[in-house]
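Scroll down for the structure; my scribbles are underneath it.
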Number of protein chains: 2
Amino acid sequence: MTLQKLINQIRKKKSFLCVGLDVDLTKVPSHLLQTEDPIFEFNKAIIDATHSFAVAYKPNTAFYEAYGVKGWQSLAKTITYINENHPDIFTIADAKRGDIGNTSAMYAKAFFNDLQFDSVTVAPYMGKDSVEPFLAFEDKITILLALTSNAGAFDFQTQMVNNEELYKKVLQTSLMWENSQNLMYVVGATKAEYLKEIRKIVPNHFLLVPGVGAQGGSLDEVCEYGLNADNGLLINSSRGIIYVSNSTDFAEKAREEAQKLQQQMEKWVR
Amino acid sequence: MTLQKLINQIRKKKSFLCVGLDVDLTKVPSHLLQTEDPIFEFNKAIIDATHSFAVAYKPNTAFYEAYGVKGWQSLAKTITYINENHPDIFTIADAKRGDIGNTSAMYAKAFFNDLQFDSVTVAPYMGKDSVEPFLAFEDKITILLALTSNAGAFDFQTQMVNNEELYKKVLQTSLMWENSQNLMYVVGATKAEYLKEIRKIVPNHFLLVPGVGAQGGSLDEVCEYGLNADNGLLINSSRGIIYVSNSTDFAEKAREEAQKLQQQMEKWVR
């Protein structure tokens with residue numbers, strides 16, 4: 001999916017909502033546990049219930065790998081289901097990968113070719129040659145961690161490197177990489193005031209913003225400081241949507257929460 | 001496996017060799033491609049041929065994920081094969097994971113509980129709460145990226161943060177984390193001169209050193225600057241061992257290369 005198609009979808013649905021599919025079997029409704037693939041059945045129900053209000057889905061690979069081969073199968077079935085039934089949806093493998101060049105190329109192959117995701121999240125610590133193999137896929141998007149939403153972000157990301165914070169150095173450096181127009185950036189919503197600074201460095205790129213809701217970030221603040229002419233935001237909610245109910249009405253409740261967020265976003269969409 | 005058992009194995013085998021199992025199907029001998037699980041068959045042959053000279057095996061997860069569900073199955077079979085047939089071998093999931101706390105806990109579950117690896121490599125960018133869920137497994141080892149062997153290491157890792165390089169800040173900070181005695185660190189062999197500095201900060205921890213051989217690092221230099229009283233080194237070779245031959249003699253040739261490295265290590269073992 002091209003960036004322009006994503007922007008069109010945002011305008012059509014009046015939403016830049018991304019739903020995080022972080023499926024923990026200890027939290028899904030018990031009636032699903034008797035099905036052959038509870039993770040997939042859960043995702044399918046959530047997707048069917050929320051896709052009118054969301055432009056993107058983001059499975060976090062950790063929640064699938066924790067269940068081994070079966071989990072990886074559920075991930076494959078989920079992305080195939082989205083691509084076949086909702087081709088207008090932007091898909092994100094939240095994998096936070098990154099390794100030396102030939103190894104990152106294998107990760108890119110895993111998520112872009114084998115699983116057919118539109119994008120993957122990547123960690124910056126190993127630098128240019130660990131990210132460029134992802135960017136080499138010109139019709140795919142690489143989403144680089146910049147400033148994350150957790151407490152540990154202050155351990156290194158906000159440390160001063162030559163008079164500026166490390167995350168700013170990451171943003172600036174990444175702009176010089178081949179195909180950097182295909183980058184997006186992860187920026188935690190719990191630090192909305194940082195968005196103003198970030199927009200000075202990357203005015204045109206999309207930002208993937210986790211941390212609204214369960215992690216405490218304010219949607220309106222994120223919009224105020226983060227929106228650009230293309231909208232330029234994907235705001236993610238995981239637990240705040242998918243775990244509202246753990247009964248048979250879980251999908252209906254998820255739909256209601258997704259709709260609430262879409263309604264809050266509507267006034268901001270450009 | 002406890003650290004003391006690993007140290008005992010190093011002394012017994014007079015080797016601190018780690019063999020990287022980075023299986024690329026375009027590089028394995030063609031006669032294996034007709035088997036049901038070529039990746040596993042390749043690994044099994046390499047392990048059977050080299051285990052007398054190696055104390056650790058390190059599959060890099062990228063090379064398995066690139067083949068989807070089947071690849072993850074090959075990874076699971078490989079680790080099970082090692083644990084069942086060579087319980088004296090230390091196993092490393094080279095996965096370079098790292099995410100917010102509850103998500104890192106799922107990754108830890110994937111590699112420590114589900115796959116039963118002894119250790120996993122972890123990226124530091126997201127800080128303390130992204131690493132501690134791994135360290136919470138007290139009988140497992142968490143291997144933190146410090147200074148990697150690729151060119152991109154100079155993009156951020158060697159940048160100055162308050163008058164010291166970022167990788168030193170990572171080392172120092174990580175020592176304050178819960179269960180930090182269970183940390184090892186990735187340090188690229190292509191930068192052997194850095195090992196002296198690194199040993200000032202972490203004199204007692206093990207270092208996992210990739211980049212000897214194919215990536216250009218010198219084994220003797222790494223030993224000179226990196227060894228400590230427990231030996232404290234795992235030196236990895238992947239391509240330099242597993243891809244010497246792509247004919248039916250691949251395992252025999254791998255054995256010869258592993259033996260050569262073991263013989264170079266022998267004089268250094270303490």
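Every chain is numbered from 1, with letters handed out A, B, ... down the list of sequences.
Heavy atoms from other residues, nucleotides or ligands lying under 6.0 Å from CD of A:Glu193 number more than 12. A:Asn163 CG: 12 or fewer foreign heavy atoms inside a 6.0 Å radius.
The contact between A:Thr148 and chain B is made entirely by side chain atoms (from C-beta outward), counting heavy-atom distances below 4.5 Å. Contact of B:Ser104 with chain A is not made at all, since no heavy-atom distance falls under 4.5 Å. Within the 4.5 angstrom heavy-atom criterion, atoms from both the backbone and the side chain of B:Asn162 approach chain A. Only the side chain of B:Phe111 has a heavy atom closer than 4.5 Å to any heavy atom of chain A. Both the backbone and the side chain of B:Leu145 have a heavy atom closer than 4.5 Å to some heavy atom of chain A. For chain A, the nearby parts of B:Val170 are the backbone and the side chain; heavy atoms of each come within less than 4.5 Å. With a threshold of 4.5 angstrom between heavy atoms, A:Asp99 approaches chain B through its backbone and through its side chain.
Residues B:Trp177 and A:Asp155 have side chains in contact (heavy-atom distance under 4.5 Å, counting atoms from C-beta outward). Side-chain atoms of A:Trp72 and B:Glu65, non-hydrogen and from C-beta on, do get closer than 4.5 Å to each other. No side-chain heavy atom of A:Phe156 sits under 4.5 Å from any side-chain heavy atom of B:Val161.
When the side chain to side chain donor-acceptor pair (under 3.5 Å) test is applied to A:Thr121, the partners found at least two apart in sequence or on another chain are A:Asp94.
A distance of 4.5 Å separates CG of A:Leu166 from OH of B:Tyr125, quoted to the nearest 0.5 Å. In this structure, B:Lys70 NZ and A:Asp114 CG are separated by 12.0 Å, a value rounded to the nearest 0.5 Å. Note: B:Asn102 CG to A:Asn150 CG = 10.5 Å, rounded to the nearest 0.5 Å. Rounded to the nearest 0.5 angstrom, B:Gln159 CD and A:Thr173 OG1 are separated by 7.0 Å. In this structure, B:Asp22 CG and A:Met106 CE are separated by 9.0 Å, a value rounded to the nearest 0.5 Å.
The residue among A:Tyr67, A:Tyr64, A:Tyr107 with the most heavy atom pairs within less than 4.5 Å of chain B is A:Tyr107. Residue with the most contacts toward chain A among B:Ala108, B:Ala153, B:Gly101, B:Pro124: B:Pro124 (heavy-atom pairs, distance under 4.5 Å). When the candidates A:Ala62, A:Ala110, A:Gly127 are compared by the number of heavy-atom contacts under 4.5 Å with chain B, A:Ala62 comes out ahead. Put simply, of A:Ala76, A:Ala151, A:Ala123, the one with the most heavy-atom pairs under 4.5 Å next to chain B is A:Ala151. For the set B:Lys169, B:Gln157, B:Met160, the entry with the most heavy-atom pairs within less than 4.5 Å of chain A is B:Gln157. Per-residue counts of heavy-atom pairs under 4.5 Å with chain B were compared for A:Thr61, A:Val131, A:Asp24, A:Asn113; the largest is that of A:Thr61.
Taking each heavy atom of A:Gly152 and B:Asp129 in turn, the nearest pair found is N-OD1, 2.6 Å.
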